[in-house]
Amino acid sequence: MKAHDEIVRGLRDAAHKIGVSSLPEFKYETPRDPSHGDGATNLALVIAKGLGKPPRAVAEDLVRALTLPQGIVKKIEIAGPGFINFFLAEDQLAAVLATVHALGERFGRGDTGRGAKVNVEFVSANPTGPLHVGHGRGAALGDAIAALLDWTGYGVTREFYVNDAGTQIDKLARSLWARVQQAVGRAAEVPDGGYHGEYLVELAERILAREGRAFADLPEPEGLRRCRTIGVQSQRAEQEEDLREFGVRFDVIFFESQLYQERLIEQTLADLAQRGHTYERDGALWLRSTAFGDDKDRVLRKSDGSYTYLLPDIAYHRHKRARGFAKAIDIWGADHHGYVARVQAAMLALGYPDDFFHAEIVQLVRVMRGGEEVRFSKRTGEFVTLRDLLQETGVDAARFFFLMRRADSQFVFDVDLAKSQTEENPVFYVQMAHARMSGIFRVAARDPASLPPAPVDGSVLTQPEELDLLKELAAFPGVVARAAETLEPHRITGYLEGLARIAHAWYHKYRVLGEPEERERLALAAAVRRVLANGLGLLGITAPERM
RNA sequence: GCGCCCGUAGCUCAGGUGGAUAGAGCAGCAGCCUUCUAAGCUGUUGGUCGGAGGUUCGAAUCCUCCCGGGCGCACCA
């Protein structure tokens, strides 16, 4: 980190010295192949053309012109087409131990966000049924993205949007009312496109048990009204419970009905009209979204006077903007991806910057058990529920698995693997590494957090696994920063697997307690334990002391 | 038909704002327990990066076309 800055500065100066006036973008990064050093730059390749010299000659000039403070770099090499490779002095690597110790659970945090307010909206399931595994993936992803942004210095609000005003809710009410009628032995049918799951049968029975059978004799409009209220409340409560169990907390639950109550729909319509981006045609009111990159213009108010789903959604995001968010990040299922362009167009029509709104699309989840795909839940007759999955695999495994893959990959959740207690299971593997590091301190009867801080003698930690661990630890803040920038939590799970791998190898090969290197190795074990815990904690996964 | 996403080892996937011989895990094969957890470790086999062109000193990465899979194309939500 410190060495990194010194080298980048040194390279810039050197480039100026050899006659480069305007410096193009260049890279200084950790090479994949360790034989290429601890850091490498493509600077010579990038400026060679401008100088009219072969890249390798430019690299030699650069190295000659480069001045660095003493003790940072052990060796500099020119390699391949003109890369310059830097090998850091070993005691530079050990410096990370003091940093980790000093920062503790803050190690890995950054401040690139500078407190900018960001709204992360996720799950936002309709209150018409239980959460399924797809919602689970969205929940894990949204929560992790929110955590990443929090870690990098943004002011994050986790938000859940409830569609409690649309036609889906009418269908819920009708479906529930039908189940109530059936429960008292009358012929009634769940309407087309309604909700056929078993859970409404159970709910109807609970209603009758609580309200008495007279409930079924209510006039239909009254019955539907009551079913609507009870249905939404009940499903909301169920979803809340699932999410609580999953460890996901929201700062704001926003109800669509609030948009109507506060007349935000009308205000939004007026705003768009005033900006000249709406027009009437065929009795409907249209948004000229094609002016902002959409395929076709979109209806906001239908010819029958009612609103399309799009309008409240625009009003909702307009409200987010009014609440002072610099960014609104929405986590959406793949079945909504066609919707992105029109919402983005609406945001631009309202004059918001084009980086205000971002939709992260999550692909569908397939669940495999015993080598076969599991499609439906027995209880609900719908997709596999989040609750069933959690019961089977536990929260930690479910979260880790949902976060292992890029959001845009269609992924297969292997239930058997998630449950297994072996090295094949990546969650288990990472947690085990943490437990082993913890075990050393348990046996030593010492608290890893109260270890004497550096000075750690860097020249003592010389084994290849130890140097690898030090480099890997130092990389953590950069990995967090990159994961936050790209909204890709899978970078964290991947990092943790890699760190755990080296930790297991080191643990297996060397002893800590009672060795001449005990002091330094304890410091190393404490730092590894800390970083594993920080990474797991960021993702909402526990870091057990023992397993 | 049009749009978006994806196609990398037997399997599940990284790498994708161009960079050095394309990576990991699992599975397979061969080994390793007097040790702070063998709930683990070591070694090894395995790839025309879907295909064909193009841009470039350099392409898994960028562009075009084609093939295959997913999703979406409402005055539904």
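Bear in mind the structure is a predicted one, so any value in this text is a computation, not a measurement.
Dashed line: the shortest gap from a side-chain N or O of A:H336 to OP1 or OP2 of B:A77 is not under 4.0 Å. Note on A:Y507: a side-chain N or O is less than 4.0 Å away from OP1 or OP2 of B:U37. Between B:A14 and A:S409, a contact under 4.0 Å exists linking OP1 or OP2 to a side-chain N or O.
With A:N425 contributing its side chain and A:L417 its backbone, the two residues share a donor-acceptor pair below 3.5 Å.
With a 3.5 Å limit on both pairing distances and Watson-Crick or G-U wobble geometry required, the stems of 3 or more pairs in RNA chain B span B:1-7 with B:67-73, B:10-13 with B:23-26, B:28-32 with B:40-44, B:50-54 with B:62-66.
Tested against A:V430, the residues A:E497, A:H504, A:R501 include a single side chain to side chain contact (heavy atoms under 4.5 Å, CB included) partner, A:E497. Among A:K471, A:K509, A:R521, the single residue meeting the side-chain hydrogen bond (donor to acceptor under 3.5 Å, both in side chains) criterion with A:E466 is A:R521. Across A:E159, A:E256, A:Q258, a single residue satisfies side-chain hydrogen bond (donor to acceptor under 3.5 Å, both in side chains) together with A:Y316, and that is A:E159.
Between the CZ atom of A:R298 and the P atom of B:C76 there is a distance of 13 Å, given to the nearest Å. Rounding to whole angstrom units, CZ of residue A:F401 and P of B:C13 are separated by 12 Å. A:D294 places its CG atom 13 Å from the C1' atom of B:A74, with the value rounded to the nearest Å. Spacing between atom CG of A:D282 and atom P of B:C75 amounts to 10 Å, rounded to whole angstrom units.
Using a 4.0 Å heavy-atom cutoff across all strands shown, A:G494 reaches no nucleic acid atom at all.
The base of B:C76 does not come close enough to the side chain of A:T167 for any donor and acceptor atom to sit less than 3.5 Å apart. Put simply, the side chain of A:R366 and the base of B:U12 share no donor and acceptor less than 3.5 Å apart. Between the base of B:A77 and the side chain of A:D313 there is no donor-acceptor pair shorter than 3.5 Å.
Base orientation of B:C33: syn, the glycosidic angle falling within 90° of 0.
Using atom C1' as the reference point in both B:G69 and B:U44, the two lie 34 Å apart (nearest Å).
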Please write out the pairs of protein N or O atoms and N or O atoms of nucleotides 25-29 of chain B separated by less than 3.5 Å, giving the distance to one decimal.
| unit_1 | atom_1 | unit_2 | atom_2 | d |
| --- | --- | --- | --- | --- |
| B:C26 | OP1 | A:E423 | OE1 | 3.1 |
| B:A27 | OP1 | A:E424 | OE2 | 3.4 |

